[in-house]
Enquirer: 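Structure below; questions to follow.
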Amino acid sequence: MTSSNMWLLRPLQERSTQIFLGLLTAAVVVVTILHLATPEGSALHVSAYTVTLLGKYLCYALLAVAVDLVWGYLGILSLGHGAFFALGGYAMGMYLMRQIGDRGVYGDPILPDFMVFLNWQELPWYWHGFDMAWFAFAMVLLVPGALAFVFGFLAFRSRVTGVYLSIITQALTFALMLAFFRNEMGFGGNNGLTDFKDILGFDLRSDGTRLGLFIATGIALAVGYVVCRGIVTSKLGRVSVACRDAEARTRFLGYRVERVQLFVFVVSAMLAGVAGALYVPQVGIINPSEFSPLFSIEIVVWVALGGRATLYGAVIGAVLVNYAKTVFTGVMPDAWLFALGALFVLVTVFLPKGIAGLLQKRRKATDDDGANAQEVAA
Amino acid sequence: MSIYRLLARIVLAACLALGPMLATAQVQDDTARDLLKQLVEANQAEKLGLLKEISETGDERARGWLEAFRGGKLAVVEDTGNVVIVLNNRGRDWEIADALSGDNLGEMSRRDLETVRVNNAMRAQVDGILSVIDLTVTDPQGRLDAARNLLGDVDATLAEQLEARLAEEENADVRAMLANAIAIHRLEQGDAEAIDVLSGSLNPTARAALNTAANGDDPALAAAASKALASIEQKLKINHAAETLYFGLSLGSVLVLAAIGLAITFGVMGVINMAHGELIMLGAYTTWGMQQMLPGQPGLALVLSIPAGFLVAALAGIAIERSVIQFLKGRPLETLLATFGISLILQQLVRTVISPLNRTVVTPEWMSGSIMINEALSLTLNRLYVIGFALVVFAGLMLIMRRTRLGLEVRAVTQNRAMARSMGIKATRVDILTFGLGSGVAGLAGVALSQITNVGPNLGQNYIIDSFMVVVFGGVGNLWGTLVAGLSLGTINQILEPWAGAVLAKIMVLVLIILFIQKRPKGLFPQKGRAAEN
Amino acid sequence: MSIKKHVKVGLSALALSVSLSSVAAEDPIKVGILHSLSGTMAISETALKDTMLMLIEKQNEEGGVLGRQLEPVVVDPASNWPLFAEKARELLEKEEVDVIFGNWTSVSRKSVLPVVEELNGLLFYPVQYEGEESSENVFYTGAAPNQQAIPAVDYLMNNIGVERWVLAGTDYVYPRTTNKILETYLKDKGVAASDIMINYTPFGHSDWQSIVSDIKAFGSAGKKTAVVSTINGDANVPFYRELGNQGISATDIPVVAFSVGEQELSGIDTGPLVGHLAAWNYFMSVDNDANYDFIDAWIDYKGDDTVVTNDPMEAHYIGFNMYIEAVKKAGTTDVDEVKDAIIGVSVPNLTGGYATMMPNHHITKPVLIGEIQDNGQFSVVWETPSTVAGDAWSDFLPGSRDMISDWRAPLRCGNFNVATGECGGASE
């Protein structure tokens, strides 16, 4: 084993990571078994609907982990991570759009439907290549990564910090939202990309594909989690925590703070992109509202709710809030925003370290990151 | 030329001839009732004839009938065939009065009434008739408006009448307008001399007439008209630039108003208040509530809303501060999360308690319309008031921060909380008052915005992001920065908008902010001293 | 009042279902209601949810249908498009509803569409839209462009003498498509390209100063000018305000809107707007007893004297009655049988005529042009002599000129190309 792989293996020896991976695997396996092995109609049966729903939660969980990486361990409150998520989603959406081929309503072999009826003559240059899966999947990582690189390069070099950084990330996602709403951009405007047929040759409507996507998301989350743990437990991770707590001091100690920040930021953006790419085939649509600044704020709220700078807290927060949303929007459609709003307020006031903090208190865990979380200075 | 326009001219000419009689005579009720009843069944062309007949009766009530007809308030009771004027046409039961006697007949179900249909073409005719009558009113402004209304609607008969009117008219503006009205008619007849009269005019109707002539068959006339147009275009350019600047300032002042409260709570106290937009919304709803409480007096209600909106939003702000924010001292990012929750709650509260629909806020008479600087440049009044209001609010805040005890204490607590406390300043009290002040100002913004945009549950969301941009662009903690940032972003947006389109202009402004922050990471006016280090 | 009312309704519904469960031999017919109750679209969609609840309550009072009661299942997709798809799936898979009434925006319909097709559900969509769609599982009870936009332009051209056109819209698919269609249509009618001005603005655009100023300048070229507005929802209030303040009245430059109805006007001071136009298939002011009865029922249901009715509500009224008729005709709620039975079903609309479900899943509608009055209502100034059948594929778009939709056997195709004689990329 080369040393470059060491940082990825280290987390696997941690107890918290083992527990997390164990629980995640168990959950995915149990859902898979219950979905496949139990007859429809039985009390134990997990329907395809639930599987897709859980898949969506896991996408959000991965997104939340990405946000926690930059917020919890780098001290950058990104209010624009929805942008990376959506870009990954659009890359995947473009691939799925091209896969429709001549099965669209107009039967045009090249142009997606929305281009046909808006009278586009040819495919815009940036749509080329997306008919190939490898290219599209590479773009899922590269587009968010490149944007994060350019944006981060400029911002970190100029030492934009704190709330200024938060607000310009918000400006970034807001500008992208407005841009993608424009129909001239060639991304379907407000209607976005939808009516997907199949992915890698598998029919998106079949339960098998759904289950496959769910499992793939579970694996992506596991890998993403391990990568993040790997980063935060490496030397780089310790420097980044130092940046978070005292940027100027770290700089004076001779570390190239902006390089560390840039690296972590780009990794986080790519993870968000992957989450977006897995999200799109499962929900069946990608539209500019994913760029909405309010969505990005919501992601931060998930992380805060679950517990900042713990990674697994982010997962808990994302799953819990979205589960609550699913339940409340069905059970009490008129009043669910009250419940959600109250939840945010109560958690921030009474559970400053989130649910993870509560767990740690309970179990008096000795994980040293727990101590870190308590020292987080905003 | 359309048939309606032709008919209109006949009607106008008739009216002008008969105008002087209008005030005196009163026709037989039977005749009048007959005419009005016929209006119900008549088709459009017939209606125009009937309107003419009605005005020709010279009855003193004719004006009332014409106005009721114009407003779609002339109706017939289906059972009895009585002609009535609808006094209040809201809801299922309408309040009506007899058209002839004017007696109030109480309420009647909408099902039993048939209103006389009116459309834009007919409304334009009635306007023409009324304008001709108004040419003789005593108020020069009224005469000017009447003359302006007649531009482009003049025919040979009316032109003669107007010439006569011109000879008697003493007011220079009205004379010029009448001359224009006649000249437009002449130009349509192919009279090249008329171009001299119109050549300096910025009036859109005059320009339209010149345009038509410039594209006409007569080459000499076309050339002269084109020349006149070119000189007008030159003048228009300057006016257009002035207009863009005004638009920019007005958009900027809206941004300043929305952001300045945030500049206090966020900039001075360090609280990232995501519920700021909803506090603005509360101010706007207060205005609506005031207008509901004082029906018929929208102006008074609006004035009273200024203190009321401030109080409501300030109290709401203080409630938020006491119940949530005080527990989050020193954790500014967490205030973002908690206040985000509060904003969700407030929005849904308004939806549930009041309505998910937008509410109507009436613009008082003195705020509607525009001030005409010249024929091509008018400043819309509601925007003008908002610009003034923004400046007054800003000046007031500066006074409070610079000249009062509270301001001194706020600045002290901001710069060094511990030190300020040890000097005997009650930091908690200062927090409450500062947050109340910032929230109250948000309420004021809401009062102003109610005159410009929707009053609905989403009002706040539309302004929250812009507000943060403005505060950050200007430099957190600096009120001057907010003012300069708001006005300049507004102006840049409006300059870009005509050639880039509204969406691209907005995107460009956002990119500009992102790039600017790279250049100056602390905004336009960075905070200096110790506070800046935090 | 709202909460109380809801509790009351809920309780009475509960009481009803309890008392009936002992009577009715069969399970109730479940009606899914998929309208946003929170978020940006709540402003428009909440009233539609209440309309559905009212219609269901009324139908139940009359004994339901096929001896079975109807049971509403309300969910909140919260103006979130992916959530629409998720909630549609929840309704069809978990709640096993027999039919769904819902959606407002095109994007929400596009999001739901694959789900309803996959799970073979029924969706009644009540809002005017851009056309270019015909799904086996969706019934479009709102207007297609040929039932709203084109007659409105005809009116302006022939009755008002408009020669110069401003097509102003919010930048999304409905205005884009409608304006594309209108542009082709106008050019076919001989309007020069220089006499057409097209302008797009973002959602919720609130600063209309320079655009209105441009419109004013465009309108002073000596030809009668009109604005055809596909401006959406919230952006309208500041737009009309700016028009009024810059002194543009309806007699100078009339604005005909396709997205402004009674409900939108209820949030606007309509004094300065008198005379501006809207094209719909229904107006609350229509002088007709069926309409008055509907309004009375609505006011009683809401317990508020000031509530208004609008076109999408009428569309739900028609759609609901069509569904009931089709279920009666089919004798079952089985989706495939109802789908076949509903084609050709005619029910009264609220404007004194009949609406018929066409084989392309669109319905026949009269087109009315109304002028705004100072009481927030429209006064009808023109209407089509007879009803117009909705056209799924526009004749004025090059891509869809040759396409038709017919869901009857044996064709059963939503995008049949008459030129090639093939059912284009069929959704199967």
Side-chain angles (χ1 to χ4, degrees), chain A residues 47-50 52-53 56 100-109 111 113-120 177-178 181-184 188-197 204-206 279-280 282-290 295 325-326 328-337 340, chain C residues 2-3 6 37-39 46 49 73-87 89-90 92-95 105-107 110-111 113-115 117-118 130-134 170-174 176-177 180 200 202-203 394 397-400 403 414-415 417 420 422 424-427:
Chain A
S47 64
Y49 160 72
T50 317
T52 309
L53 205 58
K56 189 178 102 171
I100 297 174
D102 61 2
R103 286 168 294 171
V105 290
Y106 298 99
D108 191 302
L111 295 184
D113 284 344
F114 70 88
M115 290 190 189
V116 178
F117 78 75
L118 289 179
N119 215 358
W120 290 54
M177 177 177 84
L178 292 173
F181 264 129
R182 282 164 49 84
N183 277 281
E184 278 110 345
N190 180 47
N191 274 14
L193 309 177
T194 176
D195 206 16
F196 309 129
K197 306 285 186 213
L204 271 172
R205 292 179 184 188
S206 77
Y279 171 83
V280 168
Q282 298 191 67
V283 301
I285 183 171
I286 175 80
N287 140 295
S289 61
E290 309 295 342
F295 175 61
K325 238 184 182 177
T326 306
F328 287 150
T329 47
V331 176
M332 35 195 271
D334 287 315
W336 72 274
L337 274 179
L340 199 66
Chain C
S2 196
I3 289 182
H6 284 302
L37 309 176
S38 55
T46 314
K49 178 211 69 177
V73 183
V74 180
V75 290
D76 179 15
S79 312
N80 177 328
W81 320 132
L83 204 56
F84 263 94
E86 183 187 317
K87 288 287 156 192
R89 198 170 277 281
E90 182 182 330
L92 289 170
E93 263 189 16
K94 229 173 100 191
E95 303 285 348
T105 57
S106 272
V107 51
K110 290 274 184 212
S111 163
L113 192 70
V115 178
E117 285 184 351
E118 177 196 335
E130 66 277 3
E132 301 302 299
E133 188 182 303
S134 178
T170 303
D171 190 1
Y172 71 112
V173 175
Y174 169 66
R176 286 265 172 191
T177 321
K180 269 248 141 62
Y200 290 105
F203 281 95
S394 174
L397 290 177
S400 59
M403 284 160 76
N415 49 356
N417 193 321
T420 60
E422 274 172 28
S427 43

Enquirer: Sort C:Leu37 into side chain, backbone, both or neither according to what part of it lies under 4.5 angstrom from a heavy atom of chain A.
Expert: side chain

Enquirer: Quick one: what part of A:Gln282 sits under 4.5 Å from any heavy atom of chain C, side chain, backbone, both or neither?
Expert: neither

Enquirer: With a 4.5 Å cut-off on heavy-atom pairs, point out which of C:Thr177, C:Thr170, C:Leu92 contacts chain A the most.
Expert: C:Thr177

Enquirer: What residue in C:Glu95, C:Glu422, C:Arg176, C:Glu93 has the most heavy-atom pairs under 4.5 Å with chain A?
Expert: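 With the most close heavy-atom pairs to chain A, the winner is C:Arg176.
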
Enquirer: Taking atom CG of A:Asn190 and atom CH2 of C:Trp81, what is their separation to the nearest 0.5 Å?
Expert: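 Answer rounded to 0.5 Å: 6.5 Å.
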
Enquirer: Can you tell me how far the CG atom of A:Asp195 sits from the OG atom of C:Ser111, to the nearest 0.5 Å?
Expert: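 One finds 10.5 Å between CG of A:Asp195 and OG of C:Ser111.
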
Enquirer: How close do A:Gly188 and C:Val173 get, heavy atom to heavy atom, and via which atoms?
Expert: O-CG2, 4.1 Å

Enquirer: Within a strict 4.5 Å, meaning less than it, do heavy atoms of the A:Thr194 and C:Val107 side chains meet?
Expert: no

Enquirer: As an exercise: rank A:Asn183, A:Val116, A:Asp113 by heavy-atom pairs under 4.5 Å with chain C and give me the winner.
Expert: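 The residue among A:Asn183, A:Val116, A:Asp113 with the greatest pair count is A:Asn183.
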
Enquirer: At what distance, to the nearest 0.5 angstrom, does NZ of A:Lys325 lie from CG of C:Asp76?
Expert: 10.5 Å

Enquirer: Given a strict heavy-atom distance threshold of 4.5 Å, which part of A:Thr50 is in contact with chain C: side chain, backbone, both, or neither?
Expert: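 Neither the backbone nor the side chain of A:Thr50 comes within 4.5 Å of chain C.
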
Enquirer: Given that the side chain runs from C-beta out, which part of C:Pro398 has a heavy atom under 4.5 Å from chain A: side chain, backbone, both or neither?
Expert: side chain

Enquirer: If I compare all heavy atoms of A:Gly104 with all of C:Asn415, which pair ends up nearest, and what's the gap?
Expert: O-ND2, 4.3 Å

Enquirer: Is A:Phe114 close to chain C through its backbone or its side chain, or both, or neither, when contacts mean heavy atoms under 4.5 Å?
Expert: neither

Enquirer: Are the side chains of C:Tyr200 and A:Arg182 in touch, meaning some heavy atoms are under 4.5 Å apart?
Expert: no

Enquirer: Does any part of the side chain of C:Val115, heavy atoms only, come nearer than 4.5 Å to the side chain of A:Tyr49, both counted from C-beta?
Expert: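 No. Closest side-chain heavy atoms not under 4.5 Å.
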
Enquirer: Shorter than 4.5 Å, heavy atoms on both sides: which option in C:Lys110, C:Met403, C:Lys180, C:Glu90 has the most such pairs with chain A?
Expert: C:Glu90

Enquirer: Let's test your reading of the structure: which of A:Leu337, A:Val283, A:Asn119 forms the most heavy-atom pairs below 4.5 Å with chain C?
Expert: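 So the answer, after comparing A:Leu337, A:Val283, A:Asn119, is A:Asn119.
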
Enquirer: Taking atom CZ of C:Arg89 and atom OG1 of A:Thr52, what is their separation to the nearest 0.5 Å?
Expert: 5.5 Å

